[in-house]
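Structure first, commentary second.
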Amino acid sequence: MSQPSEIERYDPLTIEPPIAARWAQERTYSLRPGPHEAVDDEAPTFYALTMFPYPSGDLHMGHAEIFTIHDALVRHLRMNGHRVLNPIGWDAFGLPAENAARNRGADPRQWTYANIDEQRSTIVRLGYSFDWDLVLRTCDPEYYGWTQWLFLELFEAGLAYRREALVNFCPSCSTVLANEQVVDGACERCSTAVGREPRTQWFFRITEYADELLTDLDALDWPERVKNAQRAWIGRSEGAEITFTIRDPAHGDEDVVVYTTRPDTIFGATYFVFAPEHPAVTRRMAGDDEYAAFLDEVSRRSEIERQSGTTGGKRGFRLPFTVHNPFTNEDVPAYAADYVLMEYGTGAIMAVPIGDERDFEFARQEGLEIRVIIRPTDDGELLDELDPEAMTTAYTGPGVMVNSGEYDGLDVDEAKRRIIDDVASKGWGRAKVNTRLRDWLISRQRSWGAPIPVVHCTMCGEVPVPRSQLPVRLPDDLEFQVQGSPLEQHPTFKGDVTCPSCGGADAVRDTDTMDTFVDSSWYFLRFLAPWDDTRAWPADAADRWLPVDQYTGGVEHAVLHLLYSRFVVKAMRDRGHLTADEPFQALLNQGQVIMDGAAMSKSKGNLVVPGQVYETFGADTLRGTMLFASAPEDDIDWADVSPTGMNKWLARVWRLTLEQVARESDGGPLLADDAAASLRRATAEAIVDASAEFEARKYNTAIAKLMTLTNAVLDATRQGAGGPAVREALEALLTMLAPVCPFVTEELWHRLGHGGSVHEEAWPRADEDLLVDDEVELVVQVNGKVRGRVMVPAGADEAVVESTVRADESVVGHLDGDVVKVVHVPDRLVNFVVRG
RNA sequence: GCCGGGGUGGCCCAAUUGGCAGAGGCGGCCGACUUAAAAUCGGUGGCAGCUACGGGUUCGACUCCCGUCCCCGGCACCA
């Protein structure tokens, strides 16, 4: 038997770095031929993608988790014969770089690239098998020139347009603020109250695709909660638009349209509400100081509420005119109130307190009439009439119409249909589908982003920059420590341009940049050929690889990034640049890495960084710990996991392998036949079990199966014996562990005498013959309680089982009384139902 | 309020979807080796009443149904 002292210690810090360096240097994991090349090959293709990181510093634990899950998937797929596209890049434009520039005078480009270099070396060190020939950074002109191309495509399709919108504006800093820079309604830098200022902004017309974005969700293999979040965000509803009339002796009458999902309740409309900024109201109220004050208060308040998440009560303003309801032919009071939003529907509503909780609350608050127009029913049975005095909330359940003229007695659903028909035939309105999805505001008054490729000419108006002049480069010498926009104030960027259309000099560049979500809405396409300076992506490659087969990333992007990417793919499809309908077929949201039940953060002092782990135990231990801690979708509480335990297991695998190597060279003792047979069986079982777990991407339980196999090897070799069965077990163990712990498995594979890489091995197949049993153990239950177990021939029928049980003294004692029924599950259990 | 995910040994967590409740790990305790310690190795976990609680369906329920409690995450005046 080998003495422990002769066995080399497991020393990951020595074995890992050279292997990592070799993989990076030799481009071991580059896809060859590249993704842009068609291959005549039977290997199935698989596009695996992780949400690319933002380079705000070195990798954190969250990155390590997402990359580890992703890399285990990728390596497992490769071993199963897939041709895997596995690129990596950086989402490199954005506010943190600009803030570093403003606050510390750093050059955002240097700051960003330095962080990317750091992240890149950590990625290499941790053994993630990305394709280093397919790398992109969204802040490179070679990338953002094509982001600008995308803008032009959307512009030409009529999907990019400009209109006025309210933006956050700090009067003291004289700059526009992003939403996250507004804290409790004040500027985060100077605490001045932030105003909402109208400014002309670029939008992408994502609402054009609302229906398709909604219906196509059904076919995606995404977590239900993400699909639900998108459904809620799109917010489709069916109803009607109905025209009411403002009765205003002072300014004249005017038609005003409302949107409602409950046209059936129109006879209960006892007042009318406009959004405070509704043009029909602001026009009439111009010069009214009281109204101006109301508007101001409401806009400020809504900003605070939006930031703090509180709802508070409703603010209303009684308007000096009435509104006429075409159905009841009556004039009702008109209000402006903050609970009606200008951006949704038509910005005006008919208020039905009896049937709408918000209207009910406002009516109570203002002492307005609550008119009963529905008689509740339950399964068609009439219930008591509603009593507005006694009600504390609106009634939104089923019922029949009352006090509703010709519609009295109709079921609400029927009334709804009838009223929509009548509205249309009388010319008072029409059926209408609405969504709460708004067009995507992409203008950012920031300078570390892709410039919007448009020139504003006094003669020609908005003129897109010709594709031949892309990219519109960000100047190298931006001065960030200024008030307002650095791009706007740059000496030449804005003004040094002639109109691409008329050639006139009376033109300026647009000085806004695009939302960074634009950058990330198409990067998965650029990966197909990031070096190609003749096109954004090769269409044939897009057809070959899209949609992405597995996208892995955090839930924080449940709506925006994932929705924008879907929109871009559909728009590009309609422009003929690809044929896929969707960017990401399957989505995996990994859990968070937390600490003691709370999010990790520097300020809480509970931050663990990957370096602390891999510099102590090595990358394999970090990776193994991550995957073993929980299923990929579940959170990992770092306080509950044990890198030490993982490290001990890997050291055990190390020792067992080297002992076997030593035995083979010294000619050590062989296992007894029965020990060898039972180890071979354990190996076959482990292959079957672990393979299933890997297929299901349950890496935590997959590792548990590999630990079980390790224990079987340990058990078999306890007396120092070895032989082919041990080698077979170890080789199966190492190949299956390879996707999780790529370094130690590679090293041990070589120690076992193999010249090639373990990562190029095929996934092991179990010898099925080893798994068939002649005899199986059957559980014996009496009245559902386990009373014993018996050995029976595999596949034994009920008669054989029963006679075996009756011959077994240990259980037969429980069988006194009449056996009423026998339930037999072959090879599993038998249950005797006894009475008496 | 709405939507989603949970509640199983001291702890993290499994359980082929209705079929032996504990796989794997952490920790603890006991033991072997050692002069001793570390490392390594072995052993060790719920009694008729056990899977948050109360009912139900079933030969059989962690699993399905009804009700209740608690925890986490997201959305939230969208007419």
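Naming convention: chains lettered A, B, ... in sequence-line order (proteins, then strands); numbering from 1 in each chain. Values reported hereafter were calculated over all heavy atoms of this structure, with side chains retained and with hydrogens, waters and symmetry mates removed.
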Can you tell me how far [atom1] in [N] sits from the matching atom in [M], rounded to whole Å?
| N | M | atom1 | answer |
| --- | --- | --- | --- |
| B/rA52 | B/rG9 | P | 8 Å |
| B/rC72 | B/rU58 | C1' | 33 Å |
| B/rU34 | B/rG27 | C1' | 24 Å |
| B/rC3 | B/rU68 | P | 14 Å |
| B/rA32 | B/rA38 | P | 14 Å |
| B/rG43 | B/rU35 | C1' | 25 Å |
| B/rG4 | B/rG19 | P | 25 Å |
| B/rG45 | B/rA61 | P | 26 Å |

Open item on the list: Only Watson-Crick and G-U wobble pairs with both distances less than 3.5 Å should count. Give RNA chain B in dot-bracket notation, marking inter-strand partners with |.
Closed with: (((((((..(((......[....))).(((((.......))))).......(((((..]....))))))))))))....
Would you find a donor on one side and an acceptor on the other, under 3.5 Å apart, between the side chain of [X] and the backbone of [Y]?
| X | Y | answer |
| --- | --- | --- |
| A/Asn700 | A/Leu627 | no |
| A/Arg438 | A/Arg436 | yes |
| A/Lys821 | A/Asn831 | no |
| A/Asp635 | A/Gln592 | yes |
| A/Asn589 | A/Gly553 | yes |

Tell me, please, which residues at least two apart from [X] pass side chain to side chain contact (heavy atoms under 4.5 Å, CB included).
| X | value |
| --- | --- |
| A/Val779 | A/Gln781, A/Val786, A/Leu829 |
| A/Asn711 | A/Arg652 |
| A/Arg231 | A/Leu214, A/Leu217, A/Asp218, A/Glu224, A/Lys227, A/Asn228 |
| A/Ala704 | A/Phe628 |

- [ ] Give a yes/no answer on whether the side chain of A/Lys821 brings an N or O atom under 4.0 Å of OP1 or OP2 in B/rC59.
- [x]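 For A/Lys821, the contact criterion (side-chain N or O under 4.0 Å from OP1 or OP2 of B/rC59) is met.
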TODO: For nucleotides 12-20 of chain B, just jot down a letter per nucleotide in 5' to 3' order: B, S or -, based on protein non-hydrogen atoms under 4.0 Å.
DONE: S-S-B--BB
- [ ] Indicate for each nucleotide in nucleotides 45-50 of chain B, in 5' to 3' sequence, whether protein heavy atoms under 4.0 Å reach the base (B), only the sugar-phosphate (S), or nothing (-).
- [x] ----S-
Task: Under 3.5 Å side-chain donor-acceptor pair for A/Asp439 and A/Thr207 - done: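 Distance-only check passes for A/Asp439 and A/Thr207.
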Rounding to a whole Å, what distance do you find between [X]:[atom1] and [N]:[atom2]?
| X | N | atom1 | atom2 | answer |
| --- | --- | --- | --- | --- |
| A/Phe360 | B/rG1 | CZ | C1' | 16 Å |
| A/Arg436 | B/rA79 | CZ | P | 8 Å |
| A/Lys314 | B/rA79 | NZ | C1' | 11 Å |
| A/Trp649 | B/rA39 | CH2 | P | 20 Å |
| A/Tyr395 | B/rA79 | OH | P | 20 Å |
| A/Ile636 | B/rG25 | CD1 | P | 18 Å |
| A/Leu658 | B/rA39 | CG | P | 20 Å |

- [ ] For atom NZ of A/Lys432, decide whether the heavy atoms of other residues, nucleotides or ligands shown that lie under 6.0 angstrom number more than 12.
- [x]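 Enclosed.
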Task: Greater than 12 external heavy atoms within 6.0 Å of A/Trp233's CH2 - done: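 No, CH2 of A/Trp233 has 12 or fewer neighbouring heavy atoms, counting only those of other groups under 6.0 Å.
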Which part of the nucleic acid, if any, lies within contact of [X], taking any heavy atom under 4.0 Å across all strands shown: a base, the sugar-phosphate backbone alone, or nothing?
| X | result |
| --- | --- |
| A/Val340 | base |
| A/Arg9 | nothing |
| A/Arg225 | sugar-phosphate |

Task: Test applied, side-chain contact (heavy atoms from CB on, under 4.5 Å); reference residue, A/Phe274; option that passes from A/Ile349, A/Val340, A/Leu319 - done: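 That would be A/Leu319; it is the only one of A/Ile349, A/Val340, A/Leu319 passing the side-chain contact (heavy atoms from CB on, under 4.5 Å) with A/Phe274.
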Task: Minimum-distance nucleotide to A/Met707 side chain [options: B/rC59, B/rG24, B/rC77] - done: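 Taking heavy atoms from C-beta onward, the closest nucleotide is B/rG24.
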- [ ] For residues A/Arg236 and A/Asp211, determine if any side-chain heavy atom of one lies less than 4.5 Å from a side-chain heavy atom of the other.
- [x]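 Yes - at least one pair of side-chain heavy atoms lies under 4.5 Å apart.
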Donor-acceptor list for residues 263-272 of chain A side chains, cut-off 3.5 Å, not counting sequence neighbours:
from	atom 1	to	atom 2	distance (Å)
A/Asp264	OD1	A/Arg262	NE	3.3
A/Asp264	OD2	A/Arg262	NE	3.2
A/Asp264	OD2	A/Arg262	NH2	2.9
A/Thr265	OG1	A/Arg262	O	2.8
A/Thr270	OG1	A/Glu369	O	2.7
A/Tyr271	OH	A/Tyr339	OH	3.1
A/Tyr271	OH	A/Asp359	O	3.0

Let me check something: any side-chain donor-acceptor pairs from residues 684-694 of chain A under 3.5 Å, sequence neighbours excluded? List them with distances.
from	atom 1	to	atom 2	distance (Å)
A/Glu685	OE2	A/Arg681	NE	3.1
A/Glu685	OE2	A/Arg681	NH2	3.2
A/Ser691	OG	A/Ile687	O	2.5
A/Ser691	OG	A/Trp763	NE1	2.8
A/Glu693	OE1	A/Thr701	OG1	2.7

- [ ] Map A/Glu224 and A/Phe628 onto RNA chain B by nearest heavy atom, then report which one ends up closer to the 5' terminus.
- [x]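 This one resolves to A/Glu224.
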Distances under 3.5 Å between nitrogen or oxygen atoms of protein and nucleotides 40-42 of chain B:
from	atom 1	to	atom 2	distance (Å)
B/rU40	O3'	A/Arg655	NH2	3.2
B/rC41	OP1	A/Arg652	NE	2.7
B/rC41	OP1	A/Arg652	NH2	3.1
B/rC41	OP1	A/Arg655	NH2	3.1
B/rC41	OP2	A/Arg652	NH2	3.1
B/rG42	OP1	A/Arg718	NH2	2.4

Open item on the list: Counting only heavy atoms and a strict 4.0 angstrom limit, can you tell me which residues of residues 228-244 of chain A come near RNA chain B?
Closed with: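 Only A/Asn228, A/Ser237 qualify.
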- [ ] Please state whether the rings of A/Trp654 and A/Tyr10 are parallel, tilted or perpendicular, taking 30° and 60° as the class boundaries.
- [x]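 Correct class here is tilted.
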TODO: Kindly label the base of B/rU51 as syn or anti, based on whether its glycosidic torsion lies within 90° of 0.
DONE: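 For B/rU51, whose glycosidic angle is more than 90° from 0, the conformation is anti.
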Open item on the list: If the condition is ring-ring contact (aromatic ring centres under 6.0 Å, His included), which residues does A/Phe294 pass it with, not counting sequence neighbours?
Closed with: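 For A/Phe294 the ring-ring contact (aromatic ring centres under 6.0 Å, His included) partners, ignoring immediate neighbours, are A/Tyr291, A/Phe317.
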